[in-house]
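Below, chain A is the first sequence line, B the second, and so on; all start at residue 1. Hydrogens, waters and symmetry mates are skipped; everything else that's a heavy atom, side chains included, is used.
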Amino acid sequence: MVEAGTTAGAALAEAGLGEQQPGEHAVIAARVNGQLRDLACPVEAGDVVEPVEIGSADGRAILRHSTAHVLAQAVQDINPQAKLGIGPPVEAGFYYDFDVDQPFEPDALKAIEARMRQIVKQGQRFSRRVVSEGEARSELAGEPYKLELIGLKGGTVSADDDESVEVGGSELTIYDNLNPGTGEVIWKDLCRGPHLPTTRFIPAFKLMRSGGAYWRGSEKNPQLQRIYGTAWESRSLQDEYLAMLAEAERRDHRKLGAELDLFSFPTEIGSGLPVFHPKGGIIRRVMEDYSRRRHEEAGYQFVNTPHITKGELFERSGHLGFYKESMFSPMDIDGVDYYAKPMNCPMHVLIYSSRGRSYRELPLRLFEFGTVYRYEKSGVVHGLTRARGFTQDDSHIFCSPEQLAPELASLLDFVVGLLRDFGLTDFEAELSTRPEKYVGTPEEWAEAEAALKSALDKSGLPYTVAEGEGAFYAPKIDVHVKDAIGRRWQLSTLQVDFQEPGRFGIEYQAADGTRQRPYMIHRALFGSIERFFGILLEHYAGAFPPWLAPVQVVGIPIADAHVPYLDKVASLLRERGIRVEVDASDDRMQKKIRSAQRQKVPYMLIAGDEDIAADAVSFRYRDGTQKNGVSIEQAIDEIVTAVRERVQV
RNA sequence: GCCGCCUUAGCUCAGUCGGUUAGAGCGACGCACUCGUAAUGCGUAGGUCAUCGGUUCGAUUCCGAUAGGCGGCUCCA
């Protein structure tokens with residue numbers, strides 16, 4: 001509670017709430033009656049004023065937003081012709097869009113960054129000024145995009161849009177950047193604010209990259225040039241962030257895939273169409289085998305369907321109506337259009353309807369590793385995570401209405417259990433509910449959403465609700481995982497479908513003799529095998545746990561004479577199902593260790609005279625530790641157990 | 001699909017302001033060495049400088065198109 005006639009900053013200072021000096025813990029803004037405000041904002045008697053530290057979520061957003069202004073000023077300094085788009089804070093940074101004649105080149109970013117450092121050093125003051133629409137229009141006459149935003153104000157711009165940082169408040173405001181000595185206006189921008197007190201409050205920032213971006217996010221609009229940057233409350237936190245990015249680059253599955261000889265994308269085959277090499281093939285086969293076994297145990301029945309089909313099938317399912325753009329062009333077979341399938345579900349529905357079905361058969365769970373082809377636009381193809389041909393671990397479950405809730409609950413349990421077995425531990429779910437455009441009745445939706453929600457509640461998974469984000473035919477649960485370096489990936493999806501059973505007119509005969517329409521649940525667990533493979537590869541940085549490692553053991557002889565002994569150990573391991581190689585090349589032993597280490601082989605078994613004399617081997621693990629003189633029997637047991645238990649070592 | 005950048009040996013990368021024999025390291029192969037926990041030495045092979053077209057006396061180098069890749073945007077049923 002404060003007195004009248006002062007500012008938020010002064011009120012906080014008087015109350016001894018935080019340091020208003022540049023630095024890692026600086027108070028850089030205030031929350032006045034719950035609203036974020038500049039420290040220079042006047043306050044009234046009775047207002048509740050709270051400090052906003054630069055390191056808080058709000059504080060970082062303000063820091064990054066202010067840094068975006070510094071970027072824009074620097075760009076216009078260097079190129080006065082540049083027109084301003086928008087410049088909001090985003091996750092871990094900020095961007096600013098510009099309309100420029102020449103796109104930015106890497107060297108240009110360096111020059112802009114240098115100019116930004118000068119501006120930061122100068123300590124320009126951010127000063128807020130309320131303007132009328134007419135004033136704003138005349139002051140910003142040279143900024144066509146800003147004028148467009150002014151025209152939109154109160155129209156389509158919602159508080160969630162990036163554009164709201166320019167015009168999101170209840171009144172139009174311009175922020176002037178003032179010379180700290182003379183008070184002269186150096187630069188100005190239409191902006192909602194709030195901002196840092198001065199540019200000196202920016203402790204660390206860096207420009208990251210540039211690229212094209214459609215004005216207001218629509219490909220119908222002209223393309224602007226966007227510059228991305230990041231900013232942090234301290235140099236060390238920025239360094240940490242940059243180190244995380246470097247680590248992500250080190251783990252890039254496209255890079256590891258080539259280094260470890262797992263898969264490739266031959267140009268001759270086509271963009272987005274991977275081939276798996278023997279080592280990648282082993283990992284993939286182990287993944288599939290394990291998944292297959294678990295599905296069998298859970299009561300799934302395995303089916304197989306072809307890769308191409310008459311267009312009629314996808315007309316009936318609705319895909320050709322809604323998703324034709326994402327399908328490969330048809331091929332003409334005897335005068336009929338055939339398509340590569342983008343989804344497996346219509347074929348599974350046909351298996352269901354191949355004969356009459358009884359309620360006694362439900363829930364009927366059909367499962368297939370079904371390869372699908374989707375025409376992804378050329379600019380979006382990305383390694384294994386966004387391919388044009390990939391294999392879904394796809395399942396469709398047909399059940400009666402009363403089976404829906406329990407089936408969903410056990411499905412969710414099954415999904416998470418299997419993901420855990422692959423070493424993922426951090427899950428989050430998202431429930432997407434009825435969108436504006438939907439099919440079916442509100443009652444059906446409410447029932448399905450309630451079933452999904454109760455499944456989530458039972459699972460104990462943390463989840464968020466995404467209102468209106470469901471597919472037009474179904475609400476859904478998406479399961480997200482966090483990987484070893486904290487990145488979130490969307491994997492599994494569960495959808496309750498009202499649409500397709502009706503389109504195909506499928507039925508079952510109920511206990512009372514009536515014909516009923518089953519519910520259908522779509523469920524992909526890995527999503528796509530390829531994508532999941534890529535995610536696991538990055539999660540483990542290529543160092544797969546023994547059960548998944550393509551080569552589980554490498555035998556390394558001290559000298560050639562020890563090769564036969566290791567061959568004998570290897571054949572014992574092979575009998576136990578272990579994938580083992582003996583390195584009989586004429587490299588020196590140190591080199592062999594280095595090679596095995598670089599291939600991220602979980603176990604190196606080394607043998608020389610001492611080991612042979614003791615009927616033993618010596619372990620070297622991936623972390624460089626060693627265990628010498630282990631009896632052959634114990635060594636085999638240790639390895640076999642680790643593989644069976646699916647532990648990481 | 002759109003904007004920008006890139007493509008030289010299996011991989012990572014030098015290099016050529018347009019000039020005749022395009023280099024290195026790693027990897028592969030061969031020979032010697034027979035070694036106790038992350039690179040032994042020597043040698044050999046390997047390139048239509050992505051593809052096609054243009055400019056030029058001459059193009060890996062400059063220009064254009066195509067393919068593929070990378071970073072963004074849009075998209076991701």
S.K.: Could you tell me how far B:C13 sits from B:C6 if I compare only their P atoms? Round to whole Å.
M.R.: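 Looking at atom P only, B:C6 and B:C13 are 14 Å apart.
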S.K.: Does the plane of the ring in A:Phe265 sit parallel, tilted or perpendicular to the ring in A:Phe263? Use 30° and 60° as the thresholds.
M.R.: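 Judged by the thresholds at 30° and 60°, the geometry between A:Phe265 and A:Phe263 is perpendicular.
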S.K.: Taking the six-membered ring for Trp, are A:Phe98 and A:Phe104 closer than 6.0 Å centroid to centroid?
M.R.: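 Yes, ring centres under 6.0 Å apart.
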S.K.: Of all the nucleotides listed (B:U37, B:A77, B:G1), which has the minimum atom distance to the side chain of A:Arg620?
M.R.: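 Of the candidates, B:U37 comes closest.
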S.K.: Looking at B:G4, B:U37, B:C31, which one has an atom nearest to any side-chain atom of A:Asp586?
M.R.: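 So the side chain of A:Asp586 is nearest to B:C31.
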S.K.: Closest approach to the side chain of A:Gln626, judged atom by atom: which nucleotide of B:A77, B:U37, B:A38 is it?
M.R.: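 So the nucleotide nearest the side chain must be B:U37.
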S.K.: Please report the distance separating the P of B:A50 from the corresponding atom of B:A45, rounded so that it comes out in whole Å.
M.R.: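 It works out to 24 Å between them.
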S.K.: Counting only distance, no hydrogens or angles, is the base of B:C75 paired donor-acceptor with the side chain of A:Arg386 under 3.5 Å?
M.R.: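 Result: at least one qualifying N/O pair found.
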S.K.: Using a cut-off of 4.0 Å on non-hydrogen atoms, how would the nucleic acid contact of A:Ser378 be classed: base, sugar-phosphate, or nothing?
M.R.: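 Base, at least one base atom sits under 4.0 Å.
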S.K.: With a 4.0 Å cutoff (strictly under), does any side-chain N or O of A:Tyr375 reach OP1 or OP2 of B:G1?
M.R.: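 Yes, within the criterion.
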S.K.: Mind checking the P distance from B:A9 to B:C3? Whole angstroms is fine.
M.R.: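 Roughly 29 Å separates the two P atoms.
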S.K.: Can you tell me if A:Arg588 touches the phosphate of B:U40, counting only side-chain N or O atoms and a distance under 4.0 Å to OP1 or OP2?
M.R.: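 Looking at the OP1 and OP2 atoms of B:U40, one of them is under 4.0 Å from a side-chain N or O of A:Arg588.
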S.K.: Between B:G53 and B:C70, how far is it from one P atom to the other, in whole Å?
M.R.: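 Comparing P positions in B:G53 and B:C70 gives a spacing of 28 Å.
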S.K.: Counting only side-chain heavy atoms from C-beta out, which of B:G72, B:G36, B:U37 sits nearest to A:Asp609?
M.R.: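 Nearest listed nucleotide: B:G36.
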S.K.: Within the structure, does a side-chain N or O atom of A:Lys377 lie under 4.0 Å from either OP1 or OP2 of B:G72?
M.R.: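 A:Lys377 to B:G72 OP1/OP2: no side-chain N or O under 4.0 Å.
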S.K.: Nearest to the side chain of A:Gln225 - B:U34, B:C3, B:A38?
M.R.: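 The listed nucleotide nearest to A:Gln225's side chain is B:C3.
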S.K.: For A:His253 and A:Glu538, does a side-chain donor sit closer than 3.5 Å to a side-chain acceptor?
M.R.: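 Judged by distance alone, the side chains do pair up.
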S.K.: Ignoring backbone atoms, test whether A:Ser210 places a side-chain nitrogen or oxygen under 4.0 Å from the OP1 or OP2 oxygen of B:G4.
M.R.: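 So the side chain of A:Ser210 is outside the cut-off, no N or O lying under 4.0 Å from OP1 or OP2 of B:G4.
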S.K.: If each of A:Ser218 and A:Val381 is mapped to the nucleotide of RNA chain B with the nearest heavy atom, which maps nearer the 5' terminus, i.e. the 5' end?
M.R.: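 Here A:Val381 is the residue nearer the 5' end.
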S.K.: Report yes or no: is there a donor-acceptor pair, N or O only, under 3.5 Å between the side chain of A:Asp611 and the base of B:G36?
M.R.: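 It does, because a donor-acceptor pair links the side chain of A:Asp611 to the base of B:G36 below 3.5 Å.
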S.K.: From the options B:C3, B:C73, B:C70, select the nucleotide whose nearest atom is closest to the side chain of A:Arg254.
M.R.: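 The answer is B:C70.
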S.K.: Could you check which of B:U40, B:G36, B:C73 has an atom nearest any side-chain atom of A:Lys591?
M.R.: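 For the A:Lys591 side chain, the nearest candidate turns out to be B:U40.
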S.K.: So what's B:A39 paired with, Watson-Crick or G-U wobble, going by both distances under 3.5 Å?
M.R.: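 Partner of B:A39: none.
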S.K.: Indicate yes or no: does A:Arg250 engage A:Glu247 in a salt bridge with an N to O separation below 4.0 Å.
M.R.: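 Salt bridge flag = yes for A:Glu247 with A:Arg250.
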S.K.: Between B:G47 and B:U21, how far is it from one C1' atom to the other, in whole Å?
M.R.: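 About 14 Å, rounded to a whole number of Å.
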S.K.: Give the nucleotide from the list B:U34, B:U37, B:A77 with an atom nearest to the side chain of A:Asp560.
M.R.: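 When the side chain of A:Asp560 is considered, B:U34 is the closest of B:U34, B:U37, B:A77.
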S.K.: Looking only at atom C1', what distance separates B:C62 and B:G18, rounded to whole Å?
M.R.: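 Those two atoms are separated by 8 Å.
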S.K.: Does B:U37 have its OP1 or OP2 closer than 4.0 Å to a side-chain nitrogen or oxygen of A:Tyr621?
M.R.: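 For B:U37, OP1/OP2 do not have a side-chain N/O of A:Tyr621 under 4.0 Å.
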S.K.: On a whole-Å scale, what distance lies between the C1' atoms belonging to B:C17 and B:A59?
M.R.: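 The answer is 14 Å between these two C1' atoms.
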